[in-house]
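What follows is one structure encoded as structure tokens, with my remarks underneath.
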There are 2 protein chains.
Amino acid sequence: MTPETEIVTTIFKDLSFKPEEIQLLVCSFEKLHLPKNSLLLEADQQVYDQYFVAEGCLRTYYIAPDGKEHTVQFAIADWWISDYTAFFNSSKALMHIECIQEATLYKISKNDMESLYQAMPRLESYFRKKMERAFASFQKRIIANLSQSATERYLNFIHTYPNIEQNVKNYHIASYLGITTQSLSRIRKELVQA
Amino acid sequence: MTPETEIVTTIFKDLSFKPEEIQLLVCSFEKLHLPKNSLLLEADQQVYDQYFVAEGCLRTYYIAPDGKEHTVQFAIADWWISDYTAFFNSSKALMHIECIQEATLYKISKNDMESLYQAMPRLESYFRKKMERAFASFQKRIIANLSQSATERYLNFIHTYPNIEQNVKNYHIASYLGITTQSLSRIRKELVQA
DNA sequence: CAAAAAAGTTGACCTATGGTAATAAACTAC
DNA sequence: GTAGTTTATTACCATAGGTCAACTTTTTTG
């Protein structure tokens, strides 16, 4: 396996490709390394790309007018990350993306994605299904936010994403759950005592 | 225009089709009428279908273990509705779908959808893009739930969905916003006074 | 149109979570 | 290993929104 084809087998584990397809895929992606605490994207920037996380941990967060941060998404190995609202509309980012753990990413532009879809319809199927799963999990999160207490949401989070919990600070988790770090701290204390 | 092709031009306004494609589409959809207050879907039922709303108003809601209802989605003309988590996974519904205003729907099964995607890849593009927009709007809702007060979310709702507001009860809106009817009532009172 | 049912409002009180601030603990870097 | 910085905890008070219960208004139905 050449270093180039590594990209393809890493990102599209479940698919197989003809040599010329591999060539096309390899040309569409760009590998990049990101140090801890760096910003991959800032609000108001034009969003051309989405990123596949090969290694590391990142988060997408929104800064409200009052200055408070709200984490919308974490991403660890095998996840995709971007400001998707902006990416899909080719518009400017509302959110920031921060590297939480030193990361290796594969970047691809929206234009190149669309070309790949044209060239390989089964790729479009693949991403449509990914999109469907992402949609379903966001829907679950909305339900959770509407129906559960902060304690329930926290338990649910550490149960569902144990690999993320290990990589991120408690204040990242708090901002994902929609509570303050102080509240999370109280919740954690109660859980230890119980 | 025959009554059959009406389905196609209603649902896929932006696309054009060959006669044999229209035939295929027409065979895949089933038209149905739904009276006000009826249930289109109940939790625990197997979900095979999604529905295009030609007319009327429906809502998808989740009933939490404590018995409280949480509205996840409204749908008016031109929207699609289902329990998508269950539809995508061909699993059992977590949610209920209720007809709020007498409705005309076009129903299609997941299997038929997949066949259509095979036969017409541009249909898959069409739905992938729809999915992307739905994903983006759910993301915005998560951000709103995390960062805004109940009053802000209410104002945002009536501004964004004036056509829905007219069709639904206040307690539907409250359950969509994640507050009680009493709180919504207080919020409305304050807004009138201000 | 009258009665019944459903929806919406209001008030008194309660609770989960937020805000501020001080402190402690855990990392980081020299 | 110590100083400095970042992160987490704790305490005390404030507040948005929830709960319960009564009441009013609107809608539905015969």
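Letters A, B, ... are given to chains in the order of the sequence lines, protein chains preceding strands, and every chain is numbered from 1. Since the structure is predicted, the reported quantities are computational estimates derived from the model, not experimental observations.
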Could you go through nucleotides 7-9 of chain C and list every protein N or O atom that sits under 3.5 Å from one of its N or O atoms, giving the distance for each pair?
| unit_1 | atom_1 | unit_2 | atom_2 | d |
| --- | --- | --- | --- | --- |
| C/dA7 | OP1 | B/Tyr171 | OH | 3.0 |
| C/dA7 | OP2 | B/Tyr171 | OH | 3.4 |
| C/dG8 | OP1 | B/Asn170 | N | 3.0 |
| C/dG8 | OP2 | B/Asn170 | N | 3.4 |
| C/dG8 | OP2 | B/Tyr171 | N | 3.3 |
| C/dT9 | OP2 | B/Ser185 | OG | 2.9 |
| C/dT9 | O5' | B/Ser185 | OG | 2.9 |

Dump every N/O contact between nucleotides 23-26 of chain C and the protein below 3.5 Å, one line per pair.
none

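Atoms CG (A/Leu191) and P (D/dT9) sit 12 Å apart, rounded to a whole Å. Put simply, CD1 on B/Ile100 is 16 Å from P on C/dA6, counting in whole angstrom units. Between the CZ atom of B/Arg153 and the C1' atom of D/dA16 there is a distance of 11 Å, given to the nearest Å. As a whole-Å value, the separation of A/Glu190 CD from D/dA11 P is 12 Å. For the pair A/Ile187 CD1 and C/dT15 P, the interatomic distance rounds to 17 Å; values are reported in whole Å. Atom CD of A/Glu165 is separated from atom P of D/dT7 by 17 Å (rounded to the nearest Å).
Residues from residues 61-73 of chain A that place a heavy atom under 4.0 Å from any atom of DNA chain D: there are none.
Between A/Arg59 and A/Glu98 a salt bridge is recorded (basic side-chain N to carboxylate O distance below 4.0 Å). A salt bridge links B/Glu132 with B/Arg128: the distance from a Lys NZ or Arg NE/NH1/NH2 to an Asp or Glu carboxylate oxygen falls below 4.0 Å. Between B/Glu42 and B/Lys92 there is no salt bridge, since no side-chain nitrogen of the basic residue lies less than 4.0 Å from a carboxylate oxygen of the acidic one. Using a 4.0 Å cut-off between charged side-chain N and carboxylate O, A/Glu114 and A/Lys110 make a salt bridge.
The CD1 atom of B/Ile76 sits 7.0 Å away from the CG atom of B/Asn167 when rounded to the nearest 0.5 Å. A distance of 12.0 Å separates CD of B/Gln182 from CG of B/Asn170, quoted to the nearest 0.5 Å.
Under the 3.5 Å distance criterion, with hydrogens and angles disregarded, no donor-acceptor pair is assigned to the side chains of A/Tyr62 and A/Glu69. Under the 3.5 Å distance criterion, with hydrogens and angles disregarded, a donor-acceptor pair is assigned to the side chains of A/Glu124 and B/Ser125.
DNA chain C is contacted by both A/Ile179 and A/Lys36; A/Ile179 maps to the nucleotide lying nearer its 5′ end (nearest heavy atom per residue).
A/Val53 and A/Leu58 get closest at one heavy-atom pair: CG2-CD1, 3.8 Å.
Cation-pi geometry between B/Arg141 and B/Tyr176 is satisfied (NZ or CZ under 6.0 Å from the ring centre, within 45° of the ring normal).
Between A/Tyr161 and A/Phe157, the two ring planes are tilted [angle within 30° to 60°].
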